[in-house]
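Before any comments, here is the structure.
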Amino acid sequence: MNPDLLPNLQQPYRQFVTDYLKLLLASARRAHRHMDIADRGSIHAFRVAVRRLHTWLSIPGLLPVTDKKLLKRLKHHIKATNALRDATIHNKWLKKHGYSQRVALKPPSLPPRWKRLCRRLEASIETAAQIHEDRLNEPFSCRGASVVQSLFNEFADALLAIRGPEDIRGIHHSRILAKQLRYMLEPFAASDKQAERLMQEMVSFQDCTGMLHDLATMRDALAPAPSLRAHIEREMKSLYQIVETRHIRTREQLIRDFREWLENCDIPPPDWV
């Protein structure tokens with residue numbers, strides 16, 4: 001997103017969040033208008049825009065009111081692109097490693113009534129903008145950092161809970177938290193180098209664990225020959241070693257980095273272990 005379009009971080013929290021959500025909704029609408037069902041790039045751009053909007057709307061503590069039905073309908077648009085996205089990733093990996101096997105690429109069948117969903121999301125955001133609570137009048141730079149603090153506390157715990165490369169559920173949970181942290185940090189990262197570095201840590205974690213998830217999905221969905229299955233599992237172990245070395249074993253340093261950033265935001269950090 002263009003940094004020039006971002007609301008001011010010193011705006012009241014409620015105003016910043018609602019203005020930012022309107023920007024994300026506008027981005028999703030624009031991606032939908034430009035989407036060509038035969039163009040995988042435009043479908044991916046739509047998927048990313050909707051995912052960013054959905055993530056912000058679903059972050060715990062972001063706003064006191066969230067319409068769960070609207071979130072579910074928004075999620076359906078992401079899920080509709082899953083098969084094409086997975087097939088694209090799987091075929092890229094298979095081609096890279098010299099396998100002839102391919103997954104069929106089927107255009108997504110998106111749910112109907114996108115424009116109606118956008119209007120209802122817009123009305124929901126406007127309703128949230130009218131909520132009067134003193135805590136929502138704090139500057140976003142302060143209260144937003146508190147939301148980041150809560151998310152990181154969960155993420156730090158989730159890192160410790162991962163049991164190994166086959167712990168797909170634990171890895172997936174930590175990846176969701178990393179995604180929420182990444183998107184929450186984006187407004188700060190536009191003008192804060194320290195926040196940008198922390199955000200890139202989350203991007204790196206997402207990339208590695210995302211590929212782990214993709215390989216597990218490919219192994220389970222393709223029913224591959226024993227040699228291909230063994231190759232996939234070797235790759236999974238190799239990727240997990242990267243996750244373990246770069247992220248799990250460096251957890252304490254990451255905690256110190258987040259603690260320093262929170263202190264710079266005038267937020268007292270929790271007593272992380």
Side-chain angles (χ1 to χ4, degrees), residues 1-28 45 48-63 125 128-129 133-159 174-210 243 246-272:
M1 182 176 293
N2 186 344
D4 294 335
L5 298 177
L6 289 175
N8 191 315
L9 292 173
Q10 300 308 315
Q11 283 182 342
Y13 177 82
R14 178 184 59 240
Q15 182 183 346
F16 181 96
V17 170
T18 53
D19 286 352
Y20 193 68
L21 285 171
K22 289 175 184 177
L23 284 176
L24 296 181
L25 178 57
S27 178
V48 170
V50 174
R51 186 179 64 187
R52 183 176 273 108
L53 174 62
H54 180 273
T55 299
W56 257 72
L57 285 168
S58 58
I59 289 173
L62 194 66
L63 283 175
I125 294 169
E133 292 187 25
D134 289 342
R135 65 191 180 90
L136 299 181
N137 290 324
E138 301 173 33
F140 176 81
S141 59
C142 180
R143 181 159 183 78
S146 293
V147 175
V148 171
Q149 171 188 293
S150 297
L151 288 173
F152 182 74
N153 199 19
E154 286 189 67
F155 177 71
D157 289 342
L159 282 180
S174 63
R175 187 162 58 97
I176 290 173
L177 292 169
K179 178 179 66 175
Q180 292 178 337
L181 271 168
R182 169 191 176 179
Y183 289 152
M184 269 302 296
L185 283 165
E186 278 184 338
F188 295 96
S191 57
D192 183 333
K193 294 296 184 183
Q194 193 174 16
E196 183 180 11
R197 286 193 296 272
L198 293 172
M199 184 188 74
Q200 290 303 324
E201 281 291 321
M202 296 302 103
V203 171
S204 173
F205 183 82
Q206 270 190 280
D207 288 346
C208 287
T209 53
V243 172
R246 292 183 182 176
H247 302 286
I248 297 176
R249 291 180 184 174
T250 60
R251 173 181 175 274
E252 295 300 324
Q253 181 59 52
L254 190 60
I255 287 174
R256 288 192 290 271
D257 292 342
F258 263 92
R259 183 187 296 274
E260 181 182 348
W261 180 72
L262 287 167
E263 288 173 348
N264 290 338
C265 294
D266 295 325
I267 302 296
D271 295 326
W272 286 311

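No hydrogens, no waters, no symmetry mates; every other heavy atom, side chains included, goes into these values. Bear in mind the structure is a predicted one, so any value in this text is a computation, not a measurement.
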Self-check item: Verdict with reasoning, Tyr13 to Val17, per side chain to side chain contact (heavy atoms under 4.5 Å, CB included)
Solution: CA-CA 6 Å; Tyr13 177 82; Val17 170; 3.8 Å; yes
Drop me the distance from [X]'s [atom1] to [Y]'s [atom2], to the nearest 0.5 angstrom.
X      : Y      : atom1 : atom2 : result
Phe152 : Met184 : CZ    : CE    : 14.5 Å
Ile125 : Leu57  : CD1   : CG    : 6.0 Å
Asp207 : Arg175 : CG    : CZ    : 10.5 Å
Leu151 : Ile176 : CG    : CD1   : 12.0 Å
Arg259 : Asn264 : CZ    : CG    : 13.0 Å
Arg251 : Asp157 : CZ    : CG    : 6.5 Å

Quiz item: Under 3.5 Å, is there a donor-acceptor pair between the Asn153 and Gln149 side chains?
Solution: no
Quiz item: Does the side chain of Gln253 pick up a donor-acceptor pair with the side chain of Arg256 at under 3.5 Å?
Solution: yes
Quiz item: Can you say whether the rings of Phe140 and Trp56 are parallel (under 30°), tilted (30 to 60°) or perpendicular (over 60°)?
Solution: parallel
Quiz item: Taking the inter-plane angle between the rings of Trp261 and Phe188 on a 0 to 90° scale, is it parallel (under 30°), tilted (30 to 60°) or perpendicular (over 60°)?
Solution: perpendicular
What's the shortest heavy-atom distance between [X] and [Y], and which atoms?
X      : Y      : value
Ala178 : Phe205 : CB-CD2, 3.6 Å
Glu138 : Arg143 : OE1-CB, 3.9 Å
Gln11  : Phe16  : OE1-CA, 3.6 Å
Leu21  : Leu53  : O-CD1, 4.0 Å
Leu6   : Leu23  : CA-CD1, 4.3 Å
Ala189 : Met199 : CB-SD, 4.0 Å

Quiz prompt | Whether Ser204 side chain and Gln200 backbone form a donor-acceptor pair below 3.5 Å | solution = no
Quiz prompt | Criterion side-chain hydrogen bond (donor to acceptor under 3.5 Å, both in side chains) against Gln206, the qualifying member of Arg182, Lys179, Glu201 | solution = Arg182
Quiz item: side chain to side chain contact (heavy atoms under 4.5 Å, CB included) between Leu177 and Gln180: does it pass, once the steps are laid out?
Solution: CA-CA 5 Å; Leu177 292 169; Gln180 292 178 337; 3.8 Å; yes
Practice problem: Step by step, work out the side chain to side chain contact (heavy atoms under 4.5 Å, CB included) result for Leu254 and His247. | Solution: CA-CA 8 Å; Leu254 190 60; His247 302 286; 5.9 Å; no
